[in-house]
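See below for the structure under consideration.
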Protein chains: 2
Amino acid sequence: MKDMSATPSLAAEAYNVVRQRILRGELVLGQVISRRKLAAELGMSFLPVSEALLRLEVEGLLESRPRAGTRVRIPTREDVRGHFIVREALEVQAAKLFTRFATASERKELRKLAARVDGLAVKPDRTLYTVLHHRLHRRIAECSRCPVLSDAIEKTHALSSIWFGLLRRPAPGDAPHRHEELIEALTKGPADAAAEAMREHNAVAMERTIEVLKPYFRMRQNNRGTFFRSERKQKLHGIGAAPEELEVKYQNA
Amino acid sequence: MKDMSATPSLAAEAYNVVRQRILRGELVLGQVISRRKLAAELGMSFLPVSEALLRLEVEGLLESRPRAGTRVRIPTREDVRGHFIVREALEVQAAKLFTRFATASERKELRKLAARVDGLAVKPDRTLYTVLHHRLHRRIAECSRCPVLSDAIEKTHALSSIWFGLLRRPAPGDAPHRHEELIEALTKGPADAAAEAMREHNAVAMERTIEVLKPYFRMRQNNRGTFFRSERKQKLHGIGAAPEELEVKYQNA
DNA sequence: GATTCGGAACTGATATAGTAGAAACTGCAG
DNA sequence: CTGCAGTTTCTACTATATCAGTTCCGAATC
C-alpha cells in the first residue's frame, strides 16, 4: 500500500507493475500470469514477484491454484453482488461524512469534476472517462477526512475498475447528468438525502456491471478449475475476447 | 481466508498459529516477531512464515520495516477512529440485510446468544465472553446472506479483537442488557431502527476502545520507528505492560 | 474424424545459502 | 554515572536449486 511506494523493494516494483497492467487492461480477465516469465522480464528472481502476486491475490484481483497457475480473477455473480453491497456501505458512510466535513472549495471542485465526467460519458473514447470517474469517487472519499475509510474504498474501486474497463461504449439508456445529480445531493442536501443519492448511484452501477459481466459468468461456469496456459486454448475458451463475442459464443452453445 | 484452511500448506499453518496467538493475547501490542525463531519453532523454513506474516500485515495486524523487524501493530487514535467508521458502515449494512433475510430460527438463536453474552459481561473472567461476543457479531453478519460482506466484517473484527483483549475487567458504567437490546431492535424493528441500533452499539464500542488504548497512543508517540528486540528495552518502553501500568508511567513522565 | 494416453514442459511451493542493513552491546572519554 | 563511538549480532531481503503436481501437444487407438 503506502509503505510499498516508500520502500523501494523489488517486491513493491513488481506489485505496482502488475497492478498497473491489470488496471490499464493489458491483462484481461482469466489471463494467466507466469511468475518466472515476469521475473525474467523485470530482471529479478521470482520470489519478490511471488510476494507481489500473493498480495494482489489477497486484494481479490488475482486467483491462483497450487501448481496450476495464477490468473486474473474471473468473478462470479455473487462476487459482484457482494462487492457492490460492501461498496455501497462504505460510500454511503463517506457521503454522510462528506456533508459534514467537505470545505466550500472542495464542493466547488467536485461540481466541476462531475460536469466533466458527465460530458465525457457520451464520447466513444473511454480512457479519459475512466480516469476522471475514478478520481471523482476518490475525491469524495478523501473529503470524509478519514484515511482508513478512503483506503478501504480505494481498494474496492481497484477491483471494480477491472470490470469497468470492459465497458467499451457508453451505456444506452443512461441519465445524461448522473454524476452532477449525485454531487448536487452531496453538496446541497442533508446527510440522509446524500446517503440515498449515493445508494442509488451504486445500484445503477451494479446493475450495469452485472449486465456487462454476464458472458463472463457463463465462461467461469464452463472452465471451472482449469488454468489455460497456452494462448490457443485460451482463445478457444473465450479468454481475452470482447464481451460481445463472448455473448454470441455462449448463446450458440 | 477460507482457502487457507482448505489448503493445508505450511504457510496456512503458520498463518493460523500467529493469528491465534495474537488473538489470544500471547503476543502483545508492539512485540516483535522473529521470522527465523518462529520458523525454527514450527519446524519449517522461514519462507512460508514470511508469507503468513505478509498476509497478516496486509490485514493490518502487523507492521514491518525493511531490515528492522516485524511487530504487532500499535494503532494511532486516527487508526482506531477510522476502523470503527468502516466497521459501522459494514455492520449497519449487515443489520439492514438481517431484517430482510434472517430466518425465524436464526432470530431465536441470536436472542439466546445475546442473553448469554450479557450475562457474561459482568463476570471477571473475559475469555468466554470474548469468544461469544465475537460469535454473536459473526452470526449477525452471516445472516445477511452475503459472504463478501461477512468476510469484510470478519476482517475488521480480527483487528479490533486485539484491542478488545486488553479490556481485562468489565466496563463500569455499562448498560446491563446492551446486546439483548441490539438483537431486539434487529429482530423486531424495521430496517431503519435496526441500523440505528447497530450504529449506537458501535459508537459505544469505539468510545470504550479509545479509552483503553489511550496509554498506547502515547507509547507509540514516544518510540516511533524503533523496533526493540531485547526484552529489557521493551519493558523499559512499556511494551507488554498492562494498560494501568502504562497509564501511571506516562502520567509521571 | 474423434478420443485417449504418455512424455515433455511448465507451474507454484518449499528449502537452503548468501548479502546488506539496522539495533544492541562493549569499552572509552567526559 | 552519563554520553558516544566502533564492533558484534541479529534481522529481513534476495537469489538459486529442487520437488511435486498440472497443462500441453502430438502420436496411437477406436
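Letters go in sequence order (proteins before strands), and every chain restarts at 1. All values derive from a computational prediction rather than experimental measurement. Note: hydrogens, waters and symmetry copies are ignored here, and every other heavy atom, side chains too, is used.
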Next item on the list: Could you check A/R229 against A/L47 and say which one's nearest nucleotide on DNA chain C is further toward the 5' end?
Entry: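 Counting from the 5' end, the first nearest nucleotide belongs to A/R229.
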Check: From B/R218 CZ over to B/L213 CG, what is the distance, rounded to the nearest 0.5 angstrom?
Finding: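 The distance works out to 11.5 Å.
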Notebook entry, point to check: What nucleotide, of C/dG12, D/dA15, D/dA17, holds the atom closest to the side chain of A/R67?
Noted result: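 Of C/dG12, D/dA15, D/dA17, C/dG12 is nearest to the side chain of A/R67.
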Checklist line | Selected nucleotide, minimal atom distance to B/S45 side chain, candidates D/dT11, C/dT16, C/dA13 | finding: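 Of D/dT11, C/dT16, C/dA13, C/dT16 is nearest to the side chain of B/S45.
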Taking atom [atom2] of [N] as reference, at what distance in whole Å does atom [atom1] of [X] sit?
{"X": "A/E57", "N": "C/dG12", "atom1": "CD", "atom2": "C1'", "answer": "11 Å"}
{"X": "A/F46", "N": "D/dA17", "atom1": "CZ", "atom2": "C1'", "answer": "9 Å"}
{"X": "A/F227", "N": "C/dG12", "atom1": "CZ", "atom2": "P", "answer": "10 Å"}
{"X": "A/E13", "N": "D/dC13", "atom1": "CD", "atom2": "C1'", "answer": "15 Å"}
{"X": "A/K37", "N": "D/dT23", "atom1": "NZ", "atom2": "P", "answer": "16 Å"}
{"X": "A/E51", "N": "C/dT14", "atom1": "CD", "atom2": "P", "answer": "15 Å"}
{"X": "B/R71", "N": "C/dA23", "atom1": "CZ", "atom2": "P", "answer": "10 Å"}
{"X": "A/L42", "N": "D/dA15", "atom1": "CG", "atom2": "C1'", "answer": "15 Å"}

Notebook entry, point to check: So, is B/R35 close to the D/dC13 phosphate, meaning a side-chain N or O under 4.0 Å from OP1 or OP2?
Noted result: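 So the side-chain polar atoms of B/R35 do come within 4.0 Å of the phosphate oxygens OP1 or OP2 of D/dC13, strictly under.
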Next item on the list: Answer yes or no: does a side-chain N or O of A/T70 lie under 4.0 Å from OP1 or OP2 of C/dG12?
Entry: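 Yes, A/T70 has a side-chain N/O under 4.0 Å of OP1/OP2 on C/dG12.
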When all nucleic acid strands are considered with a 4.0 Å heavy-atom cut-off, which category describes [X]: base, sugar-phosphate, or nothing?
{"X": "A/S230", "value": "sugar-phosphate"}
{"X": "B/I33", "value": "sugar-phosphate"}
{"X": "A/L53", "value": "nothing"}
{"X": "B/S34", "value": "sugar-phosphate"}

Margin query: Any heavy-atom pair between the side chains of A/L38 and A/F46 that's under 4.5 Å?
Written below: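 Sidechains of A/L38 and A/F46: no contact.
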Notebook entry, point to check: Which residue lies toward the 5' end of DNA chain D, B/R36 or A/M44, if each is placed at its nearest nucleotide?
Noted result: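 Closer to the 5' end of DNA chain D: B/R36.
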Check: Where each residue is assigned the nucleotide of DNA chain D containing its nearest heavy atom, which of A/P48 and A/Q234 is assigned the position nearer the 5′ end?
Finding: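 Closest to the 5' end, via its nearest nucleotide, is A/P48.
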Note to self: Please verify the inter-ring angle class for A/F164 with A/Y129; under 30° counts as parallel, over 60° as perpendicular, anything in between as tilted.
What the structure shows: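 A/F164 and A/Y129: parallel rings.
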Next item on the list: Mind telling me whether A/H157 and A/H137 have parallel, tilted or perpendicular rings, with 30° and 60° as the class edges?
Entry: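 Correct class here is tilted.
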Notebook entry, point to check: Are any side-chain N or O atoms of A/R81 and backbone N or O atoms of A/I210, one a donor and one an acceptor, separated by less than 3.5 Å?
Noted result: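 No, because the side chain of A/R81 does not come within donor-acceptor range (under 3.5 Å) of the backbone of A/I210.
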Notebook entry, point to check: Going by modelled atom types, is there a donor-acceptor pair between the base of C/dA22 and the side chain of B/R65 at under 3.5 Å?
Noted result: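 Checked by distance alone, the answer is no.
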